[in-house]
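For ligands, and for the atoms within them, numbers begin at 1 and follow the listed sequence. Keep in mind the model is a prediction, meaning the values are calculated, not measured.
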Amino acid sequence: MKVTVVGAGAVGASCAEYIAMKDFAAEVVLVDIKEGFAEGKAMDLMQTASLNGFDTKITGTTGDYSKTAGSKVAVITSGIPRKPGMTREELIGINAGIVKDVTANLVKHSPDVIIIVVSNPMDTMAYLVHKTSGLPKNKIIGMGGALDSARFKYRLAEALECPISDVDGMVIAAHSDTGMLPLMSKATRCGVPVTEFLDEAKQNHVAEETKVGGATLTKLLGTSAWYAPGAAVSVMVQAILCDHKKMIPCSLMLDGEYGESDICLGVPAIIGANGVEKIIEISLTDAEKEKFATAAKAVREVNGDLKF
Ligand code: NAI
């Protein structure tokens, strides 16, 4: 099956590389607006095929969307990333125009496509795709929770001084420095609640480091991260193409779930061949419910800046 990745920059190329390395897609088409850039990235990646042992075909195009026709999944990573000190929300002005345009082109050539939205501010960009694409809501999935949960597990393992494979945990709500909600009450080490190992100060430290995970990397790298975002997207694409029915926290259009409607926020869902197969409503503590509602309020304010 064919996968399109729009934006052949840091995240797009990393995501294409992970998809190819896992060898579950027939073809990845990279699209970029910069002349020759997607073609160059595709050729470079293809020259790793014999070295890394994959058969996925990677091609690139400068804006010719006819090459994306018949895509099962399209990933939108086009747009500008944040610089040190910037919030994701500050990117809305430029990225909204790009995401809207790209969405129209994708749907024109692949009317049954499932879109994974990565560009920031991601919850608002996912909402924009819902409002402008005409696609059913199971076919629009924002990527945030998969990445934030991986960062949560990294910080948990660090605090617990244990291997990452020992820990499990999930981040829901908004993909923003203040709106992320790492679910400490549900995080475990080999099935044992982490709250049995970590005192409150350590739990708060892990939660805070998780929430600023993207900003920490932006400060170190001078731009936002790409390896973990690319890997997170590849897991979501694989869940769809291989019909894994895998539970992944994603930014989805809510219709009463978690007490919210007409907003995209991070919630756990079953991801399979139909895209979003089911939103899973888990029980939250009163404090978690309050944080979820606060995150929703902030995302709604950013959504208010959109012009359709
Ligand atoms: P980048 O600057 O390396 O790549 C973006 C690419 O998009 C560039 O190559 C650019 O030429 C291309 N582009 C711009 N307008 C386009 C258009 N109209 N059509 C096709 N291509 C176009 O940026 P990077 O680091 O790859 O980040 C991409 C986006 O992903 C940013 O908005 C960033 O904030 C976001 N991001 C989101 C994450 C998440 O968890 N949701 C994680 C990391 C990044």
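- Between V118 and ligand 1 there is a heavy-atom distance shorter than 4.0 Å.
- Annotation: K291, atom NZ; neighbour count of heavy atoms from other residues, nucleotides and ligands within 6.0 Å does not exceed 12.
- Each of the following atoms of ligand 1 lies closer than 4.0 Å to a heavy atom of L91: 34 (O).
- Here is the list of ligand 1 atoms found below 4.0 Å of a heavy atom in A225: 43 (C).
- Looking at ligand 1, you'll find an N or O of V11 within less than 3.5 Å of one of its N or O atoms.
- Of all protein heavy atoms, the one lying nearest to atom 40 (O) of ligand 1 is H175 NE2, 3.0 Å.
- Under a 4.0 Å criterion applied to the non-hydrogen atoms of I80, ligand 1 contributes the atoms 31 (C), 32 (O), 34 (O).
- If you number the atoms of ligand 1 from 1 as listed, the ones under 4.0 Å from a heavy atom of N120 come out as 32 (O), 33 (C), 34 (O), 35 (C), 36 (N), 37 (C), 38 (C).
- Between R189 and D166 there is a salt bridge, since a side-chain N of the basic residue sits under 4.0 Å from a carboxylate O of the acidic one.
- Considering only non-hydrogen protein atoms, atom 22 (C) of ligand 1 sits nearest to S78 CB, 3.4 Å.
- Separating the OG1 atom in T285 from the NZ atom in K186 is a distance of 7.0 Å, to the nearest 0.5 Å.
- G79 O, 3.2 Å is the protein heavy atom nearest to atom 5 (C) of ligand 1.
- Ion pairing between a basic and an acidic side chain is recognised when a charged N comes within 4.0 Å of a carboxylate O; K67 and D64 show such pairing.
- Under a hydrophobic clustering in which Ile, Leu, Val, Met, Phe, Trp and Tyr are joined whenever their side-chain heavy atoms come within less than 4.5 Å, directly or via other members, L128 and L106 fall into the same cluster.
- In terms of protein heavy-atom proximity, atom 3 (O) of ligand 1 is nearest to A10 N, 2.9 Å.
- Residue Y127 is grouped with residue I94 when hydrophobic side chains (ILVMFWY) are merged at heavy-atom distances under 4.5 angstrom, including chains of intermediate members.
- Atom 15 (N) of ligand 1 has as its closest protein heavy atom I98 CD1, 3.6 Å.
- Residues meeting the ring-ring contact (aromatic ring centres under 6.0 Å, His included) test with Y154, sequence neighbours left out: none.
- When only non-hydrogen protein atoms are considered, atom 4 (O) of ligand 1 lies nearest to G9 CA, 3.3 Å.
- In summary, the atoms of ligand 1 found under 4.0 Å from a heavy atom of N95, numbered by their order in the structure, are 32 (O).
- Under the 4.5 Å side-chain criterion, counting only non-hydrogen atoms from C-beta, I271 is in contact with I141.
- The closest non-hydrogen atom to atom 8 (C) of ligand 1, taken over I116, D32, V117, comes from D32.
- Close approach of ligand 1 to F37 is summarised as follows: ligand atoms under 4.0 Å from at least one heavy atom of the residue are 9 (O).
- For atom 2 (O) of ligand 1, the closest non-hydrogen atom on the protein side is P81 CD, 3.5 Å.
- Near P229, meaning under 4.0 Å from one of its heavy atoms, ligand 1 places the atoms 42 (C), 43 (C).
- We find that R300 and E260 are joined by a salt bridge, their nearest charged nitrogen and carboxylate oxygen being less than 4.0 Å apart.
- The local environment of NZ in K246 is sparse, with at most 12 non-hydrogen atoms from other residues, nucleotides or ligands closer than 6.0 Å.
- In the candidate list L30, T61, I33, I33 is nearest to atom 19 (N) of ligand 1, counting heavy atoms.
- Annotation for ligand 1: atoms under 4.0 Å from non-hydrogen atoms of V6 are 20 (C).
- Residues passing the side-chain contact (heavy atoms from CB on, under 4.5 Å) test with M122, sequence neighbours excluded: N120, H175, S251.
- Contacts of R88 with ligand 1, taken as heavy-atom pairs under 4.0 Å, are absent altogether.
- Any N or O atom pair closer than 3.5 Å counts here, and S119 shares no such pair with ligand 1.
- Scanning all protein heavy atoms for the shortest distance to atom 29 (C) of ligand 1 gives T77 O, 3.4 Å.
- Residues I280 and Y258 come closest through the heavy atom pair O-OH, 2.7 Å.
- Taking a cutoff of 4.0 Å between a charged side-chain nitrogen and a carboxylate oxygen, E277 and K245 qualify as a salt bridge.
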